[in-house]
Amino acid sequence: MIAALKPLMLPHRLVLIAIGIGIFVFCALTMRWDWIPDYQDLIFEGIWRTLWILVVSVVFGFLLAIPIGFAQAAGPWYLAAPAAAFCTVIRGTPLLLQIWLLYFGLGSLFPQFPWIRSSELWPYLRQAWPYAIVALTISYAAYEGEIMRGAFASVAKGQLESARAFGMSRGKLFRRIWLPQAIRTALPTLGGETILQLKATPLVATITVVEIYAVASRVRQDTFIVYEPLLLLACIYMLIAGAITLLFRHLEKRGVGRSSGGT
Amino acid sequence: MEALLAALGLTETAALLSLSPPGWGGNLLRGLVKSLQIAGGAFAFGLLIGIFGAYGKLYGSLVTRDLLGIYTTVIRSVPELVLILILFFVGTDLLNQASAALGYGRVEISGVVAGIWVLGIVQGAYATEVLRGAILAIPKGQLEAGRAFGMSPFTLMRRITIPAMTAYALPGLGNLWLIATKDTALLAVVGFSELTLETRQAASSTRAYFTFFLAAGALYLMVTLVSTFVFRRLEKRARRGEAQAGSGG
């Protein structure tokens with residue numbers, strides 16, 4: 001802890017920190033924050049929903065990215081070509097457009113089919129969040145799939161050959177050698193991609209999902225206070241991004257330690 | 001042509017997308033031009049910030065470095081949508097105060113200028129990091145040789161640093177340009193009429209959501225593919241003086 005504080009103890013940084021605290025106190029005293037108690041519950045609910053959307057879409061997106069990356073790195077052409085096309089199309093168009101295509105496009109198409117309206121899934125399909133989750137998952141899968149392609153391709157050939165020489169089956173080879181090493185290669189970029197995903201979550205507010213960005217917009221509309229909700233919002237996102245950075249740094253350290261420890 | 005469209009059942013789609021007024025194709029193309037204008041302006045503005053930012057981060061005083069560090073960290077961890085709103089409100093407020101101080105009334109800012117200002121500042125943070133990395137990748141001897149010839153810092157930058165770093169910076173800058181073109185879509189949320197908003201208006205007034213969103217997606221994809229191709233060519237050109245290590249690029 002003390003070692004972590006050391007880089008902050010330089011004279012010019014102490015001055016900057018003092019100025020920063022000054023600005024913070026000035027903001028806290030002179031700006032309007034009296035709306036916070038009224039919206040407290042809504043704010044926490046919004047943060048919770050943002051985190052929930054982030055975690056679900058990252059987990060499912062990553063699970064999808066593994067086959068997408070593997071198909072491109074080692075699959076036959078009839079799997080590699082669609083996977084590559086998927087990545088190009090999703091990465092080549094704005095996420096906002098994809099979200100709107102799913103929500104407004106599919107959302108206006110589904111009610112035309114009576115069997116969908118009478119199905120068990122209909123209560124969910126009428127809401128906005130399933131479309132948000134699907135759009136964000138697809139987007140994460142495409143960006144991460146591209147990274148996983150490189151990670152799978154970068155696993156040393158000798159390792160795969162020696163595993164085959166040991167008589168490992170293809171499934172075992174993938175599970176024990178190929179996948180763990182690819183994930184370890186991809187891990188440093190995974191944190192950055194997850195922060196990019198966090199920064200994409202406010203887009204779902206445009207299709208009426210009430211996460212933290214939507215809560216801040218509502219405060220602005222209700223009270224006509226412009227800057228304060230936005231500043232709070234920026235702080236919340238920075239805190240979440242910082243937490244993600246720390247989490248992945250921790251994961252990376254553990255992963256590296258394990259690889260050098262046991263063989 | 002018309003027979004082919006009829007055979008594919010696309011007559012209606014073609015009518016919706018036609019360039020003359022009953023169709024909405026003209027609106028989409030106007031939106032695309034605006035998107036590209038904003039993206040181009042923001043990219044150029046971001047590059048300008050990036051050059052100063054990279055120099056400041058590498059050669060600036062301790063305080064400059066820390067302040068630039070805060071700038072890049074904050075911009076890269078706050079969603080673009082939030083930054084766009086903050087910068088948009090701050091920009092209009094400042095401009096209105098300035099015009100009031102000069103004795104003019106409220107000013108209306110054009111969407112293109114506001115978009116360039118907002119996205120340019122966001123791009124600047126990423127460009128700072130890209131260019132800083134590229135400058136660091138230049139072999140030290142080249143800069144030292146320039147200094148040994150008595151070049152002034154500005155000449156050194158113009159004749160050595162910028163040409164030498166171009167090859168290292170181009171892949172990152174290519175990505176930034178793609179991000180810029182896609183980020184213009186976010187301006188739709190603030191109500192600037194660029195491609196995505198034009199698309200949404202066309203879609204909601206004709207109820208043909210799939211047609212218009214897919215058409216807009218195709219336009220964006222075309223921009224991406226062309227840009228990727230151009231940047232690959234540029235990179236090849238920038239690397240033409242280097243020794244070829246193998247055939248892979």
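Both backbone and side-chain heavy atoms feed into the values below; hydrogens, waters and symmetry mates do not.
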Can you tell me how far CD1 of Ile68(A) sits from CZ of Phe86(A), rounded to the nearest 0.5 angstrom?
4.5 Å

Would you mind checking chain B against chain A for donor-acceptor pairs under 3.5 Å and listing them?
unit_1    : atom_1 : unit_2    : atom_2 : d
Asp66(B)  : OD1    : Arg13(A)  : NE     : 3.4
Asp66(B)  : OD1    : Arg13(A)  : NH2    : 3.0
Asp66(B)  : OD2    : His12(A)  : NE2    : 3.0
Asp66(B)  : OD2    : Arg13(A)  : NE     : 2.6
Arg76(B)  : O      : Lys199(A) : NZ     : 3.1
Glu80(B)  : OE2    : Lys199(A) : NZ     : 3.4
Phe89(B)  : O      : Tyr227(A) : OH     : 3.1
Val90(B)  : N      : Tyr227(A) : OH     : 3.3
Asp93(B)  : OD2    : Tyr227(A) : OH     : 3.0
Tyr126(B) : OH     : Lys199(A) : NZ     : 2.5
Lys182(B) : NZ     : Arg91(A)  : O      : 2.7
Lys182(B) : NZ     : Tyr143(A) : OH     : 2.7
Thr224(B) : OG1    : Gly92(A)  : O      : 2.9

If you tally heavy-atom pairs under 4.5 Å between each of Val90(B), Leu67(B), Ile179(B) and chain A, the highest tally belongs to Val90(B)

When rounded to the nearest 0.5 Å, the distance separating CD1 of Ile70(B) from CD1 of Ile75(B) is 12.0 Å

Rounded distance [0.5 Å steps], CG in Asn27(B) versus CZ in Phe212(B)
8.5 Å

Taking side chain as everything from C-beta outward and backbone as N, CA, C, O, which of these in Val223(B) sits under 4.5 Å from a heavy atom of chain A? Side chain, backbone, both or neither.
neither

Option that, when pairs with chain B are counted at under 4.5 Å, heavy atom only, ranks first among Leu95(A), Ile244(A), Ile236(A), Leu96(A)
Leu96(A)

Heavy-atom contact with chain B under 4.5 Å, split by part of Leu16(A)
side chain

For Ala167(B) against Arg239(B), the heavy-atom pair lying closest together
O-NH2, 3.5 Å

Engaged part of Val89(A) at the chain B interface, taking heavy atoms whose separation is under 4.5 Å
both

Rounded to the nearest 0.5 Å, the CG atom of Leu197(B) sits from the CG atom of Leu187(B) at a distance of 10.0 Å

State, to 0.1 Å, how close Ala151(A) and Ala186(A) come at their nearest heavy-atom pair, and which atoms those are.
CB-CB, 4.2 Å

Given a strict heavy-atom distance threshold of 4.5 Å, which part of Leu178(B) is in contact with chain A: side chain, backbone, both, or neither?
neither

Heavy-atom proximity to chain B below 4.5 Å, by part of Leu230(A)
both

Determine whether the aromatic ring centres of Phe88(B) and Phe192(B) lie less than 6.0 Å apart.
yes

Rounded to the nearest 0.5 angstrom, the CG-CG distance for Leu119(B) and Leu87(B) is 9.5 Å

At a heavy-atom distance under 4.5 Å, which candidate from Gly192(A), Ala241(A), Gly105(A) has the highest pair count against chain B?
Gly105(A)

With chain A as the partner, which of Leu195(B), Leu85(B), Val63(B), Leu225(B) has the greatest number of non-hydrogen pairs under 4.5 Å?
Leu85(B)

Out of the candidates Leu231(A), Leu233(A), Ile225(A), only one should pair with Pro229(A) under the side chain to side chain contact (heavy atoms under 4.5 Å, CB included) rule; please name it.
Ile225(A)

Roughly how far apart are Leu83(B) CG and Ile121(B) CD1, rounded to 0.5 Å?
9.5 Å

